[in-house]
Each structure stands twice: as structure tokens, then as C-alpha cells.
2 protein chains.
Amino acid sequence: MQFNWDDMRTILALVRGGTLAAAADDLSVTYTTVARRVQRAEEQLGRALFERRPEGYLPMQEACDLAAAAARMEAEEHQIMRQLTGRDQSLSGPLVLTAPQLLIQSHLAPLITGFCDQYPDIELTVRATNEILDLTRREADLAIRISASPGDTLVGHRLCDQRNGCFATPPLAAAAAADPQAVLNWVVYTAYDSPPQSAQKHYPNFHIRARFDDMSSMVAAARAGLGALRMPLFLARDLPDLVPLPQVAPQDYAPIWVLSHRDLLQSKKAQVLKDALRRYFRAHQSEFFDLPAQM
Amino acid sequence: MQFNWDDMRTILALVRGGTLAAAADDLSVTYTTVARRVQRAEEQLGRALFERRPEGYLPMQEACDLAAAAARMEAEEHQIMRQLTGRDQSLSGPLVLTAPQLLIQSHLAPLITGFCDQYPDIELTVRATNEILDLTRREADLAIRISASPGDTLVGHRLCDQRNGCFATPPLAAAAAADPQAVLNWVVYTAYDSPPQSAQKHYPNFHIRARFDDMSSMVAAARAGLGALRMPLFLARDLPDLVPLPQVAPQDYAPIWVLSHRDLLQSKKAQVLKDALRRYFRAHQSEFFDLPAQM
DNA sequence: TTGCATACATGCATTTACGCATGGCCAACA
DNA sequence: TGTTGGCCATGCGTAAATGCATGTATGCAA
């Protein structure tokens with residue numbers, strides 16, 4: 001009575017995903033394979049685990065329990081893998097970094113290029129996403145995060161403080177400066193209802209032209225003249241066609257951290273990347289904190 | 001970076017077994033497969049896990065750590081499997097019973113036959129071994145054990161008390177009775193140095209003809225006239241050519257228990273077998289505790 | 001030394017698992 | 001009522017994992 005462990009992992013993925021396709025995606029196989037593995041597991045156990053429904057596989061109680069056990073097994077796997085990686089003193093093999101898209105596009109790309117040149121045997125994977133990846137689950141080895149504090153279970157190092165500011169195309173900025181009481185057009189992030197208070201103090205009348213859930217698109221819209229926007233100062237360096245709104249001071253924003261799991265503290269690969277990041281941010285500190293000098 | 005869980009299980013088996021063959025045996029595959037899985041795992045991790053030696057695979061630190069994690073995963077697997085089995089209210093499918101060889105040969109065989117007739121859909125496996133199988137690791141569902149008390153983690157039910165006595169062929173017994181001071185030949189279990197005290201009281205002069213590590217063989221030798229022996233009373237019923245040594249009273253011995261894991265208490269299959277065992281031992285109690293009536 | 005047993009390594013044939021493509025079912029929507 | 005997109009089921013060809021057979025090294029005992 002030997003039960004295939006990878007079948008347990010498959011059941012876990014299917015309970016998590018709800019459909020064959022989602023589970024298959026998670027496991028990097030086709031859903032055909034998932035279906036067959038589940039079928040095999042059910043035959044071995046001599047009982048059904050899922051209800052086949054048009055909208056997906058509905059896990060029954062047994063499947064949920066199996067998945068819970070598999071989740072604990074998965075935690076064991078992640079832990080030992082972290083420990084093995086952490087003990088690794090080589091400068092070769094895989095290393096995964098996650099960072100906000102914006103940061104990579106605007107600043108980190110050259111650093112990454114330099115790093116890859118310096119350590120050609122390290123197979124660096126960059127996951128440019130704004131989602132919070134789970135370092136415990138080894139979705140990444142190092143994470144660059146913008147937040148007030150690092151998570152509790154992770155160890156972090158503060159790379160630098162940053163601020164954001166309000167920008168617009170030169171004509172828009174000039175018009176606003178000429179008549180602060182006139183209605184000022186804005187593009188805002190979906191999370192916010194209105195332009196920042198610091199801007200409303202000098203430009204009380206505003207009109208929100210559009211909302212965006214993506215900062216890159218928002219910047220593009222602002223450059224096209226759709227309206228003013230608030231954005232991190234570190235974006236300003238590469239956007240000379242956006243100028244600060246006169247009279248609006250930069251505001252403090254969450255600092256930038258580099259985080260890793262405790263188990264990876266000793267990892268040489270993670271260390272050298274962390275060092276490179278620290279050097280970079282120390283050298284470029286002012287780009288994150290100060291308004292660019294007017295040209 | 002997905003690591004195959006069954007490769008972890010393979011590493012565990014190899015660390016435990018020490019050689020490819022032992023691990024392969026444990027996993028019910030060929031050692032070729034074990035070797036290849038280990039090779040694959042090492043490639044994926046980018047480091048060696050075992051030293052190949054002429055006397056076997058010697059695990060390095062990493063392999064030991066991996067095995068430790070895999071052992072915890074295995075514990076999870078066993079637990080969930082026990083729970084699923086325990087919840088099973090069907091009277092079909094596999095069920096594993098372990099019991100001492102002697103008990104099965106002498107008494108339980110007809111009970112097992114009756115049980116299989118009554119529940120033809122239960123696929124009963126009987127493991128007739130004197131080794132203590134690990135119910136936690138699902139090596140068996142139910143165990144019949146002869147011991148002073150059930151283990152601490154298991155739940156048990158006392159089936160009956162038993163005693164043992166001293167027996168010999170009729171000529172040998174008659175000769176001893178005629179002259180208690182004469183030298184009496186014995187066959188003894190390897191664990192014991194000398195005949196039981198209860199016998200030495202009346203027959204102080206003894207000579208050990210042979211030692212055995214197997215009770216069946218010992219009985220065969222005694223029947224062939226090699227010497228007297230101590231054996232459980234329950235063996236006497238089927239051995240009319242061995243008679244009790246006169247003047248030697250039966251001695252208390254450890255009672256007989258039926259044990260199961262806590263998780264299996266609710267299992268219908270285990271319940272019905274346990275009930276059958278209890279009925280059997282209640283009905284045949286005296287065969288385990290009393291000397292057979294002389295014919 | 002010469003078997004002999006036990007270990008690992010390797011090449012080849014087969015089985016097994018897998019991915020792909022097709023088809024059916026059901027719901028949402030025009 | 002047709003259409004589209006999301007599911008799942010099934011059949012077929014391929015690729016990967018496995019088993020078997022052979023070869024080699026090592027240690028033990030006659």
C-alpha cells in the first residue's frame with residue numbers, strides 16, 4: 001500500500017486551484033495529467049475524492065484532508081530546500097529576485113546587467129511583479145519591497161528612503177502655476193479617490209480625468225497631457241518631459257527594503273546580490289529622495 | 001524549481017537502507033531506478049548527496065537533512081492514510097493483521113478462514129512475524145501482541161491471559177517422574193540460559209541438549225525426543241505426543257493483546273476483525289490458561 | 001590464489017506516463 | 001437560437017521512466 005507522493009501534491013494543487021486547468025498550470029503539466037493522477041489516486045484509495053462538475057473539480061472531505069496533509073509536506077519541502085540553498089556557498093546555479101516592475105524598469109535593469117556580467121554562472125531569474133511573492137514558499141530568494149517595515153518572519157535590510165511628488169507636462173504645470181484656482185486635471189491610481197492633499201492645498205479645484213491600476217500606463221497618460229499625477233520621485237529622472245508641479249513639496253513614502261528568508265542568510269549567491277543592491281542604492285540615494293535638478 | 005517528492009522518498013529509503021538494493025526493496029522498484037532517481041535529484045540540486053562506495057551509498061550531510069525532512073513528510077502521509085482508513089465504514093478493501101507465527105499456526109488459522117468467508121470483500125493480509133511491526137507507519141492495521149502492557153501510543157484490548165508449561169515426550173516424562181534426581185535433557189530458547197526455575201525445583205539436574213531461536217523448530221526437536229521444553233500452554237492442544245512434566249505447575253506469562261492505532265478506532269473493517277478475535281479468545285480461553293485434559 | 005557473494009555501473013527493450021488534438025457538455029450572452 | 005468560452009472526457013503518438021541483462025570492482029572465505 002504505497003501511495004504516490006506526487007499524487008498527493010497533485011491533489012493539493014487541485015484542491016487549491018479548483019479546476020484541472022488551474023492545478024495543471026501550477027504543476028507545469030497538462031490538465032490531462034492532473035485528471036489521470038487524480039483518477040489513479042482515487043483507485044488506489046478505493047474512494048472518490050472529487051465531484052466532477054461542469055464548473056470544475058469539487059473536493060470532498062477526504063480530498064481536503066489529504067490536501068491539508070500535503071500542504072504540511074510541502075512546507076517541509078520548502079524548508080529543506082531553503083536550508084540547502086542557504087548552505088550553498090557556490091556562485092553558480094539558480095537565484096530568484098522579485099521586485100516591483102517600476103523599480104526594475106527605471107533603475108535596476110542596468111544593475112542586473114552588471115550583476116549577470118560579474119557572476120555569469122549564477123542563473124538569475126527576475127520576477128517583475130507588484131504582487132507579494134511568498135519567500136517562505138520559495139517563490140523567490142530575494143525580494144525588493146516598498147513598505148513601512150519588513151514582514152515579521154523575514155529578515156530585511158533597508159536600502160533607502162524615498163518620496164513621491166506631483167508632476168505634469170510643462171504646459172499643464174505652467175498653467176496651474178499661473179492660476180492655482182483654475183481646475184487642474186489629474187490622473188490617479190485606482191486606490192486613491194483624489195489628488196494628494198499636498199497638491200490640493202495649492203490647487204484646490206481638480207478634475208479627475210481617469211483612474212489607472214498601472215503606474216506605467218498612468219505615466220504614459222500624463223506625458224500625453226491627460227493630467228497631473230503623483231508618482232515616486234525615482235521615476236522623474238528618466239521623464240524630463242514631466243516637471244514638478246510648482247509649490248507642491250515631495251511627500252515621504254514607504255522606504256525600499258531587500259528581504260530574504262532567515263534560512264537564506266548564509267547563501268553566498270543571495271549575499272552577493274544583496275551587496276550589489278546595497279551599493280547601488282547607496283550610490284543612487286538622491287534619485288529616490290530628491291527632486292531632479294532642473295535642466 | 002520543482003523538486004520531485006518521490007525523489008525525496010527515494011533519498012529517504014536510500015539513507016535508511018544504505019545500499020541501492022535495500023532502498024529498492026523498500027520502494028518495490030529495482031535498484032537501477034533508485035540509482036537513477038538519486039542521480040536526477042543530485043542534478044536538480046546541483047550537488048552530490050551520496051558518496052558511491054563499494055560497500056554502498058554513503059549519505060552526506062545534505063542527504064541526511066533531506067531524509068529527515070522526507071521522514072517528516074512520510075509521517076504526514078502515514079497519519080492521513082490512517083485517518084482515511086479509520087474513517088472508512090466499508091467492509092471491503094485491504095486490512096492488515098500481524099500476529100506471532102505460533103499463534104496463527106496453532107489457533108488463528110481457522111478464525112481467519114471464517115473471517116474471510118464472512119467478509120469476502122475484505123482483502124485481509126496476515127503478517128505472521130514475531131517482529132514488532134510499527135502500526136504508526138501503517139505496517140499493519142491490527143496487531144496481536146504478547147506483552148505485559150500495550151504500547152503507550154496504541155490502544156489495546158486484552159484478549160486473554162495465558163500461561164506456559166514444561167513438556168516432554170511420554171517416555172522422557174515418565175523417566176523423569178521415576179527418578180527426579182536423574183539428569184533431565186532440555187531444549188531451551190536462545191534467550192534463556194537454563195530450564196525454568198519451576199522445573200528445576202523438582203528436577204535439579206539438567207543438561208541442555210540444544211538452543212533454538214525458533215519455537216516451531218524447538219517443538220519439533222522436543223517431539224523427536226531431544227529433551228523437555230517450556231512452551232505456551234496453547235501449543236499443547238495440538239501436540240498430544242508431548243505431555244506435561246509431572247510436578248511442574250504452569251507459570252503465568254504475558255497476556256495476549258490486540259492493538260490498533262487510535263486513528264483506526266472508528267474503522268469498521270478493523271472493528272469487525274477485533275470483534276471476531278475477542279469472541280474467539282473468549283471461547284477458547286482455557287486453551288491458553290489450563291493444561292489439556294489427559295486423554 | 002580462486003571462487004563466491006554483494007555492491008555499483010551501463011546498454012537495451014519495454015512499459016508507462018505524458019502531451020496533443022478532438023469532441024461533448026454547460027452556462028453566459030448576443 | 002446560435003455563438004463563444006469555460007470546463008471535462010477520450011484516443012493516439014511520442015517521450016520518459018522503468019526493468020532486465022551484462023559487465024566490473026571489492027571483500028570474504030575456502
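Lettering of chains follows the sequences in order, A, B, ..., and the numbering in each one begins at 1.
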What one-letter contact string describes nucleotides 9-17 of chain D from 5' to 3', where B marks a base within less than 4.0 Å of any protein heavy atom, S marks contact via sugar-phosphate atoms alone, and - marks no contact?
-> BB------S
Got a salt bridge between A:Glu74 and A:Arg137, using NZ or NE/NH1/NH2 to carboxylate O under 4.0 Å?
-> yes
Would you say A:Ser260 and A:Lys274 make side-chain contact, with heavy atoms under 4.5 Å?
-> yes
Value in whole Å for how far the P atom of C:dA7 lies from CZ of B:Phe50 = 16 Å
Lys/Arg N to Asp/Glu carboxylate O, A:Asp263 vs A:Arg87, below 4.0 Å = no
Check the distance between D:dG6's P and A:Asp25's CG and give it to me in whole angstrom.
-> 13 Å
State plainly whether the residues A:Arg40 and A:Asp7 are in salt-bridge range, i.e. N to O under 4.0 Å.
-> yes
Given atom CD of B:Glu42 and atom P of C:dC8, what is their separation to the nearest angstrom?
-> 13 Å
In plain terms, say whether A:Arg47 and A:Glu42 are close enough for a salt bridge, that is, a side-chain N and a carboxylate O under 4.0 Å apart.
-> no
Is there a side-chain contact between A:Phe115 and A:Val272 (heavy atoms, below 4.5 Å)?
-> yes
Over how many whole Å does the gap from A:Asp7 atom CG to C:dA17 atom C1' extend?
-> 11 Å
Taking Watson-Crick and G-U wobble contacts under 3.5 angstrom, with | marking pairs to another strand and [ ] crossing pairs, the secondary structure of DNA chain C is written ||||||||||||||||||||||||||||||
Check step by step if side chain to side chain donor-acceptor pair (under 3.5 Å) holds for B:Thr98 and B:Arg127.
-> CA-CA 5 Å; B:Thr98 178; B:Arg127 304 189 64 173; 6.0 Å; no
Would you call B:Arg138 and B:Glu77 a salt bridge, using N to O less than 4.0 angstrom?
-> no
